[in-house]
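Data first, discussion second: the structure below is written as C-alpha cells.
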Amino acid sequence: MKKYISTALSLVLVLPLALMAQQFSAKESKISFFSEAPLENIEAVSTNASRSILDVGKGQIAVSMPIKSFVFPNSLMQEHFNESYLESDKFPTSTFAGTIVEPIRLKTGERLMYTVRGKLTLHGVTREMETKAILQLNADGTYTGTSKLRVKLADYNIKIPSIVVKNIAEEIDVNILIVYQPTK
Amino acid sequence: MNRFLRGLGAALVLVSGFPRLLCAQDDLLQQLNTENKKPEYVIATFKGTLINNQQTVQLQGKGTLEFMILHRFGALKDLGTFFGLDQARIRLGLGYGVFDWWNLGVGRSTNGQTYDLWTKFRIARQRKGWVWPVFSVSWYSNMAINSAKWQGSEARPDIFSNRLSFVNQLLVARKFGERFSLQLAPTHVHYNLVPTRGLSGPPEIVERSNNSIFILGTSARFKVSKRVALTAEYNWIPPGQVRGYYDSFGVGIDLETGGHIFQLLFGNSRDMIAQQFMARNNSKVWKGDFFFGFNISRVFSVLKPKEFRMKKGKGASGEPEATAPQPSW
C-alpha cells in the first residue's frame with residue numbers, strides 16, 4: 001500500500017515538473033514574408049522580435065509576433081503596411097497557438113517533418129490552420145523549427161485597394177525560423 | 001483501502017495534470033503575453049512631411065530619398081490666365097533620411113530664385129496612450145539663398161549675407177486616435193535684410209519689418225479613409241512684427257497611393273518655404289487672392305535596411321532551408 005501512495009505522490013509531484021522541463025522558448029527567430037505580384041515583389045523581415053514557447057512533451061506551440069517589427073526595404077512601404085494594411089495600432093500582434101500532431105521524439109541531430117494544427121490570429125481575425133513544420137534537435141540541446149505558411153489576405157480581412165492590385169499578391173508566403181532553447 | 005488509494009492517486013494526477021492539458025495552448029499564449037513589452041510608438045501622425053506648406057513632425061526613414069514637386073498657381077479669380085494656371089510658382093526639393101531621426105535636404109523655389117538647405121531631426125516620439133512622451137516633437141531649420149538679379153541701392157548692397165534668410169521651427173504634434181492629428185509649430189524667421197518703406201520721410205512714418213519674426217503655425221489632419229485625408233493650416237503672425245504681410249492659411253486633400261502622396265491645396269499663399277509663406281505673404285484674401293496648388297511626393301529607397309543588403313539575387317525571405325537543409329522526407 002505504501003508503494004501505491006508513493007507512486008501516486010511521485011506522479012502528482014513529479015509529472016508537472018517533468019512537463020515543465022520540456023518547455024523551450026525562442027532564442028532566435030526570423031519571420032519573413034514575400035509577396036509576388038506582376039508589378040512588384042515585396043518582402044519584409046522580422047528578426048528576433050517574436051516570442052514563442054514550444055512544449056516538446058505535450059507537443060504544443062505558441063508564437064507571438066509584433067507586427068511593427070517587420071522591416072521593409074522601403075520605409076514608406078513599412079509605414080503603409082502598418083497604417084493601412086495590418087493596422088498595427090489596432091492589432092499590434094499576430095499570434096499562433098496550436099498542437100504538433102505527431103509526438104516529438106527526436107534524437108540529437110535528427111530532423112523530421114511534423115504537422116502543426118492550430119489557430120492563427122492576424123489583423124484581429126482568428127482562423128484554424130494546418131501546416132507542415134520541420135523540427136531539428138541540435139547538438140547543444142536547442143531545437144530549430146522552420147515552417148512555411150501561405151496566408152490569403154482576404155481571409156484575414158486585409159483589403160487591397162484596386163489601385164495597387166498589381167503590386168500586392170492576394171496570397172503571401174510566410175517563412176518562419178525559430179531556434180528554441182530550454183526555458184530557464 | 002488499496003483500491004481507494006489507487007483511485008485517489010489517479011484522481012490527483014488527473015486534477016493536477018488534466019487542466020494543464022486542456023487549456024495548455026492558451027496557457028502558452030498567456031505566458032507569452034505576460035512577458036514585458038517594449039514601448040509602442042505612434043506611427044503616421046501625418047501622411048507626409050508637409051501639411052500644405054507647413055512642415056510636419058514626420059521624417060523620412062533611413063536611406064529614403066524623397067523627391068518633391070510643389071506647384072502654386074496664380075489667383076483663382078484670374079480668368080485671363082485660366083484660373084491662374086499660366087502663372088505657376090514651383091519648388092523642387094530633395095530630402096534624404098541620413099538616419100531615421102535625421103533628415104537633410106535642398107530645394108529651389110521660383111520666388112526670388114531661392115535655394116534652400118534644410119535639416120530636420122526628431123526630438124521625441126509619441127507613445128501609445130497617455131504615456132510620456134505624449135507628443136511627437138521635431139526640429140526644422142533652414143537657410144535660404146536668394147539668387148535673383150539684385151535690385152538694391154547703395155544702402156542695400158549686393159553682398160551675400162543680404163541674400164540670406166533663416167527658419168527655426170519646433171514642431172509639436174499629437175495623433176488623437178486613428179484619424180485626427182494636431183500640430184503646433186512655433187517658428188522663428190530671420191531675414192538678414194528687410195524691406196523698409198518711407199525711408200525718405202520723417203522717422204515716425206518709416207515702416208520697417210523686424211528682422212526676426214515669430215510666428216505660431218497650427219495645423220490639423222483628419223483621415224477620411226485609409227488613403228484620403230483632409231488638412232488645414234493657419235500661420236499666425238502676432239501683431240507688430242511686419243508691415244504689409246499677412247497670415248497665411250490653407251486647406252487641402254491628401255491622396256496616398258503606394259509610393260506617392262498627392263496633395264491638392266487651396267490657400268492664400270503662393271510660396272513654399274517658411275520664410276516666404278509665413279513671413280512674406282502679401283496676398284490679400286479680401287481682394288480675392290486665393291490660389292490653387294499641389295504637392296507631389298515620391299520616395300525612393302536608396303539604402304536598404306541591413307536585413308536586405310548582402311544578399312544578391314535572393315530575397316531576405318528567411319529561406320529556412322538555408323539554415324536547415326532539406327530533410328529526407
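Reckoned from all heavy atoms, side chains included, excluding hydrogens, waters and symmetry mates. Residue numbers start from 1 in every chain, and the chains themselves are labelled A, B, ... in the order their sequence lines are given, proteins ahead of strands. This structure is a prediction, so every number in the text was calculated from the model and none was measured.
Both the backbone and the side chain of A:N74 have a heavy atom closer than 4.5 Å to some heavy atom of chain B. When heavy atoms are compared at a cutoff of 4.5 Å, A:V71 approaches chain B by way of both its backbone and its side chain. Interface remark: A:S25 contributes no atoms to any contact with chain B (heavy atom separation under 4.5 Å). Within the 4.5 angstrom heavy-atom criterion, only backbone atoms of A:V63 (N, CA, C, O) approach chain B. Contact of A:E110 with chain B is not made at all, since no heavy-atom distance falls under 4.5 Å. In this structure, chain A has no heavy atom under 4.5 Å from any part of B:F300. Using a 4.5 Å cut-off between heavy atoms, B:E66 makes no contact with chain A at all.
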Pairs under 3.5 angstrom only: tabulate donor-acceptor contacts from the side chains of residues 129-137 of chain B to other protein residues two or more places apart or in another chain.
from	atom 1	to	atom 2	distance (Å)
B:S136	OG	B:Q126	N	3.1

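The distance from atom CD of B:E256 to atom OG of A:S84, rounded to the nearest 0.5 Å, is 5.0 Å. If you take CG on A:D89 and NZ on B:K175, they are separated by 5.5 Å, rounding to the nearest 0.5 Å. Atoms OG and CD, from A:S75 and B:Q60 in turn, are 6.0 Å apart once rounded to the nearest 0.5 Å. Separation of atoms NZ (B:K226) and NE2 (A:H80) is listed at 12.5 Å; rounding is to 0.5 Å.
The environment of CD in A:E36 is sparse: at most 12 heavy-atom neighbours from other residues, nucleotides or ligands sit within 6.0 Å. Atom CD1 of A:I163 has 12 or fewer neighbouring heavy atoms from other residues, nucleotides or ligands inside a 6.0 Å radius. Residue A:E170 places its CD atom among 12 or fewer non-hydrogen atoms of other residues, nucleotides or ligands, all under 6.0 Å distant.
Listed here is the closest heavy atom pair of A:L76 and B:V299: CD2-CG2, 3.3 Å. Between A:E79 and B:I43, the closest heavy-atom pair is O-CD1, 4.1 Å. Scanning all heavy atoms of the two residues, the minimum distance from A:S88 to B:K128 falls at O-NZ, 4.4 Å. Heavy-atom minimum distance, A:F72 versus B:P305: O-CG, 3.0 Å.
Residue with the most contacts toward chain B among A:S52, A:P92, A:P161, A:S64: A:P161 (heavy-atom pairs, distance under 4.5 Å).
Proximity of B:L28 to A:Q23: side-chain heavy atoms (C-beta onward) are separated by under 4.5 Å at one or more points.
A:K68 contributes no side-chain N or O that, together with a main-chain N or O of B:E40, makes up a donor-acceptor pair within less than 3.5 Å.
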